[in-house]
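Below you'll find the structure, written out as structure tokens, and then a few comments.
Convention: sequence-line order gives letters A, B, ...; per-chain numbering from 1. Below, all heavy atoms of this structure are taken into account, side chains as well, without hydrogens, waters or symmetry copies. Every value quoted in this text rests on a predicted model; they were computed, and no experiment measured them.
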Amino acid sequence: MLDEDGNKVKITTTTRTRKLAKARLSKRAVERRIMAEPSTAAATSTTADPPPPVTKRWADEEDEETEASSTATATEASSVNLDSLKIEDNDENPPKLLDDPDDSSIQKVTSGETPYTSAAKFEDLNLSPELLKGLYVEMKFQKPSKIQAISLPMILNPPHRDLIAQAHNGSGKTTCFVLGMLSRVDPKVQAPQALCVCPTRELANQNIEVLRKMGKYTGIASECAVPTDSNALSIAKRAPIMAQVVIGTPGTIKKWMSFKKLGASRLKILVFDEADQMLAEDGFKDDSLRIMKEIEKVNSNCQVLLFSATFNDTVKNFVSRTVKEDHNKLFVKKEELSLDAVKQYKVYCSDELAKIEVIKDYIFEIGENVGQTIIFVRTRNSAQMLHKSLVDMGYEVTSIQGALGHDEREKIVKEFRDGLTQVLISTDLLARGFDQQQVNLVINYDLPMKHTASYTREPEPDCEVYLHRVGRAGRFGRKGAVFNLICDQKDERLMSKIENHFGTRVAEVRAQSVEDYKGALKEAGLLQ
DNA sequence: TCCATGC
């Protein structure tokens, strides 16, 4: 079987073909990795026999592997050798593939005298053999990423202090807290011991998939606390939760707790994914505090972990007062948040219709084979409107937003994950955490805005959401591009505020210039 | 005119 570059790829299914074809590695990145890590050189050397597995040193959520493992075993996956990998050279900007995106400094503030040694290997963390097997065999990790190396000893070692941790998009945050939960749970105790709260059902689902995969050999049971048809009707009738790990959304978790079906007395660890949003005034603050208080009432020593790629100053301040005083914290400067892994562009459009034309006549045409695309819009209504416009024009796109039923939402996400759809229109529902490695293109049909009560006030961009949206492309250190569509002075001001905030400059692509789009995609490493 | 999350 040949991939699109004519290289031999041994695979079993067509879905697998698409995935592998997209899963390109840069030769240079592999070489650099060999130089940087003599200990793993044998594993990646071309002379190794049998052919080396394409392993991962670190990862955030890993979903494609979940389904891939059902069609292809680990050994089949390892039949991809370096010859089948696409060789790409980018003289201007060496690709950062498979290098840690968090090379930059992480500001570490530890509390008390406890010394923490960064974990160079997973073996340094006193993990159970079953968990280690999950990391190597199921997740195919080699060693901890930077954020994992620093945070895991803080999470796992007594006195189990609370932790606020910021890390780049796609740098492996999920692994930090999933591993933390799996490791701190006692499999022999049949009661909830770890709880994770997420802002969307999609994220809860994704996280529990990662947990089940990583914990495959541990025998630890898990439950996803999101609304479904079955549990919506009969919470009162169902048995109390005995699973050791529960991951879900605030409403359902609160509900299960109030029905006394989810006991908090044995909880050892409470995680807030996307913690800044979970504790923001206009976010889930009330729900989150309520859940924390419910736990505190019956349980005085539950460790709290707060993870996100973003913490603005207001929420950072509040968050620090939310957890115990002797907590540890890890922060990254906003200028160093991995915006540079993904190339950003802006396109001036004369009006809304021009935005749609830019999308279909230029970005879709020129970017046809660069991978999957997410188009972000600001409102549910514009999601539907844009969806209809593009479908009417004959394009195969789908859209997702919170007003859809959960079955429909699940179906649309599944189709996108399976690669059946190439383009997905979404509200900020999918802005955070959604991990789909084939997404190389993000289009901001609308720029993210902060909600302001007053009409008179100058509109402000939501820089945190912007960063999260951008982070949907270039997962796992891959390449990516973002096109920001701008059509009036308001957009222009929002864009320049975003540029100032991150200290970057976003290059312009002329709306009608095929050459500009091609150049942009080439620069982003998505086009030859 | 937000966006999520649930009654």
Across the strands shown, which category fits A:R409 at heavy-atom distances under 4.0 angstrom: base, sugar-phosphate, nothing? sugar-phosphate
Could you check whether A:Q401 gets within reach of a base, just the sugar-phosphate, or nothing at all, counting any heavy atom under 4.0 Å? sugar-phosphate
Counting just side-chain N and O atoms, does [X] come under 4.0 Å of either OP1 or OP2 of [N]?
{"X": "A:R201", "N": "B:dG6", "value": "yes"}
{"X": "A:T252", "N": "B:dG6", "value": "yes"}
{"X": "A:T427", "N": "B:dA4", "value": "yes"}
{"X": "A:R290", "N": "B:dG6", "value": "no"}

Comparing A:D287 and A:D282 on DNA chain B - which has the more 5′ nearest nucleotide: A:D282
Whole angstrom is fine here: how far is it from [atom1] in [X] over to [atom2] in [N]?
{"X": "A:L494", "N": "B:dC2", "atom1": "CG", "atom2": "P", "result": "17 Å"}
{"X": "A:F434", "N": "B:dA4", "atom1": "CZ", "atom2": "P", "result": "15 Å"}
{"X": "A:L429", "N": "B:dC3", "atom1": "CG", "atom2": "P", "result": "11 Å"}
{"X": "A:D273", "N": "B:dA4", "atom1": "CG", "atom2": "P", "result": "17 Å"}
{"X": "A:I400", "N": "B:dT5", "atom1": "CD1", "atom2": "P", "result": "9 Å"}
{"X": "A:Q277", "N": "B:dC2", "atom1": "CD", "atom2": "P", "result": "17 Å"}
{"X": "A:K255", "N": "B:dG6", "atom1": "NZ", "atom2": "C1'", "result": "8 Å"}
{"X": "A:L430", "N": "B:dT5", "atom1": "CG", "atom2": "P", "result": "10 Å"}

Test ring-ring contact (aromatic ring centres under 6.0 Å, His included) applied to A:Y348 - qualifying residues, sequence neighbours left out: none
How would you list, by chain and number, every residue that makes a ring-ring contact (aromatic ring centres under 6.0 Å, His included) with A:F177, sequence neighbours excluded? A:F307
A:R266 atom CZ, neighbour heavy-atom count above 12 within 6.0 Å: no
Closest nucleotide among B:dG6, B:dC3, B:dC2 to the A:R380 side chain: B:dC3
Under 4.0 Å between a side-chain nitrogen and a carboxylate oxygen: does that hold for A:E458 and A:K497? yes
Spell out, as yes or no, whether a donor-acceptor pair under 3.5 Å connects the side chain of A:N328 to the backbone of A:L163. no
